[in-house]
Every structure is written in C-alpha cells, then in structure tokens.
Amino acid sequence: MTKDNVTIHVDAVAFFRINEAFKALCNIEDGEAAQTSVRDQLSTAAFDEVLHDREEAGRAVLAALRKLTDNWGVVIDAVKLKNIYIDESMIRTMGRRAEAERMRESRIIEADAELQVLKKLFQAGIELGDGALGLRWRELQTFTQIAAERNAMVIPANFDPGVVHAMRHLGRQQRMKLNQGADEK
C-alpha cells in the first residue's frame, strides 16, 4: 500500500553476492524480512512516485535492504523494480478520476468562454445605450439553445416585450448602417 492508499503488487529483483559465507549461513534467518523491508520502503512513497520514478524507488529499497542485511554476510548490489501491478478496481477508479478531471477542465473552459461572450454582449449593449440589453440577448439565446436541445418551447416567466422592441430597433440601426455604407460607395 502506497502513501496515498493505492494497493500495488511489485515484482522486484535484488542482485546480491555473498561476502562472508559463514555469516550468510548462520545469520540469514528469514527472507520475508527483506520483503517486509521492500513493502515498508514503498509505502512511504505515493503511487505516482513509485510508478514514474522506479529508479529512485529502487535506490530507496536498496538502501533499506543494505541496512537490513549488514550482518548477514551478504552485499546487495542493486534492486530493480520490474513490474508494478494495480487491481482492476483501482484502474477503474483512476479512470473515473481522470474523466472527472477532464470534465472539470472542460467546464472551466466553457465558463471562461461564456464570461467573454457576456462581456462582449454587455459592451455591445452599452454602445447601443443599454448594457442590460446585451445580457438579456444572451439570456434569450440560452433559452433558444435549451429549447432546441430538448425539442421544446421555452417561454420565460419574466419575458419583457420591450426587449423585442429593442431588438427590432437594433436591427433597424444595423440596416441603416449597411445602407449608409452602400451610399458612400
């Protein structure tokens, strides 16, 4: 179990040599102590650290094994973490987490885009003499979008007929500008 509570299964290989045969014969009591040492060392690191920096994790395990085997008459030369496995349930959990992170980023991008749109519409409304008009226009666009997605008609409870008049006025102003531009040419 890693520091961040991910259960992992690790295949590790320890390269060693016998330094003192008598000590090796008499002092090596339990090989499981070496496994416990590996387990203890890997439990101090986060899963990402173990997975992405195997060399560093291997060096930490090597140091722990050397300390453990000092009086065994054995010298540990190297430790290689070969395969790291995680349970299927953890793979699914990590997949859901990654999907949630992507959704979060997507929503942030959408919210930023919506904020930019609202600022532009508000600015357009100010240029036309009424800042709220641009925001109301965006609200009506949103209702239209909701209605199209759900194949329904949306009638806002606070619908202001003055908005329709303002939109018509806006359309007339746009046509007048286009006509003036055509006359100047």
Side-chain angles (χ1 to χ4, degrees), residues 1-19 24 27-122 134-135 137-158:
M1 178 91 55
T2 60
K3 180 170 65 176
D4 50 353
N5 296 323
V6 176
T7 302
I8 59 174
H9 305 278
V10 178
D11 292 336
V13 178
F15 298 93
F16 68 93
R17 57 188 155 81
I18 296 176
N19 200 17
N27 293 346
I28 296 178
E29 299 170 5
D30 189 5
E32 287 186 25
Q35 283 182 327
T36 303
S37 182
V38 170
R39 194 176 306 123
D40 290 345
Q41 206 46 236
L42 293 178
S43 70
T44 63
F47 173 68
D48 284 342
E49 294 169 4
V50 173
L51 188 63
H52 296 297
D53 198 2
R54 291 181 189 207
E55 295 296 322
E56 181 61 33
R59 283 191 291 275
V61 170
L62 175 63
L65 285 177
R66 281 184 175 165
K67 185 176 180 182
L68 175 71
T69 60
D70 265 351
N71 64 347
W72 286 8
V74 173
V75 176
I76 308 290
D77 292 323
V79 173
K80 299 289 182 192
L81 302 181
K82 291 293 187 181
N83 297 315
I84 299 174
Y85 305 100
I86 57 174
D87 296 331
E88 284 294 320
S89 62
M90 187 55 68
I91 292 172
R92 286 191 298 273
T93 300
M94 292 170 76
R96 285 192 303 268
R97 180 180 176 192
E99 179 67 23
E101 182 64 25
R102 285 191 296 273
M103 289 297 293
R104 183 186 73 82
E105 289 175 12
S106 171
R107 288 182 179 152
I108 289 171
I109 291 169
E110 285 179 24
D112 286 343
E114 185 67 22
L115 180 62
Q116 290 175 6
V117 167
L118 288 174
K119 285 179 180 178
K120 292 284 187 185
L121 287 172
F122 186 74
L135 297 178
W137 176 250
R138 182 61 182 149
E139 181 182 8
L140 293 174
Q141 286 178 329
T142 303
F143 287 143
T144 303
Q145 185 179 13
I146 291 169
E149 288 174 359
R150 297 198 175 133
N151 198 18
M153 178 184 277
V154 177
I155 301 173
N158 61 350

Shortest non-hydrogen separation from [X] to [Y] and the atoms involved:
X     : Y     : result
Ala46 : Thr2  : C-CB, 4.2 Å
Gly58 : Leu81 : N-CD1, 4.0 Å
Arg54 : Lys82 : NH1-O, 2.5 Å
Gln41 : Ala64 : NE2-CB, 3.6 Å

Rounded distance [0.5 Å steps], [atom1] in [X] versus [atom2] in [Y]:
X     : Y     : atom1 : atom2 : result
Leu42 : Glu49 : CG    : CD    : 11.0 Å
Asp53 : Asp48 : CG    : CG    : 11.5 Å
His9  : Asn83 : NE2   : CG    : 12.5 Å
Lys80 : Asp11 : NZ    : CG    : 15.5 Å
Ser43 : Asp4  : OG    : CG    : 11.0 Å

Check: Out of Asp40, Ile76, Val79, Val10, which one pairs with Val61 under the side-chain contact (heavy atoms from CB on, under 4.5 Å) rule?
Finding: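 Result for side-chain contact (heavy atoms from CB on, under 4.5 Å) with Val61: Val79.
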Check: Out of Asp70, Val75, Thr69, which one pairs with Trp72 under the side-chain contact (heavy atoms from CB on, under 4.5 Å) rule?
Finding: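 The option that passes is Thr69.
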Note to self: Tell me every residue that passes salt bridge (Lys or Arg N to Asp or Glu O under 4.0 Å) with Arg39, counting only those two or more places apart in sequence or in another chain.
What the structure shows: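 Salt bridge (Lys or Arg N to Asp or Glu O under 4.0 Å) check on Arg39 returns nothing, list empty.
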Margin query: Restricting to salt bridge (Lys or Arg N to Asp or Glu O under 4.0 Å), what partner residues turn up for Arg107, sequence neighbours left out?
Written below: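 With neighbours one apart ignored, the set is empty.
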Side-chain heavy-atom pair [X], [Y] within 4.5 angstrom cut-off:
X     : Y     : answer
Val50 : Ile8  : yes
Thr7  : Met90 : no
Met94 : Phe47 : yes

May I have the list of side-chain donor-acceptor pairs in residues 96-103 shorter than 3.5 Å, sequence neighbours left out?
from: Arg96; atom 1: NH2; to: Thr93; atom 2: OG1; distance (Å): 3.3
from: Glu99; atom 1: OE1; to: Arg102; atom 2: NH2; distance (Å): 2.8
from: Glu101; atom 1: OE1; to: Arg104; atom 2: NE; distance (Å): 3.4
from: Glu101; atom 1: OE2; to: Arg104; atom 2: NE; distance (Å): 3.4
from: Glu101; atom 1: OE2; to: Arg104; atom 2: NH2; distance (Å): 2.6

Next item on the list: Given side chain to side chain contact (heavy atoms under 4.5 Å, CB included), test Glu114 with Glu110 step by step and report yes or no.
Entry: CA-CA 6 Å; Glu114 185 67 22; Glu110 285 179 24; over 6 Å; no
Checklist line | Criterion side chain to side chain donor-acceptor pair (under 3.5 Å) on Ser89 and Asp87, from CA distance to verdict | finding: CA-CA 5 Å; Ser89 62; Asp87 296 331; 4.9 Å; no
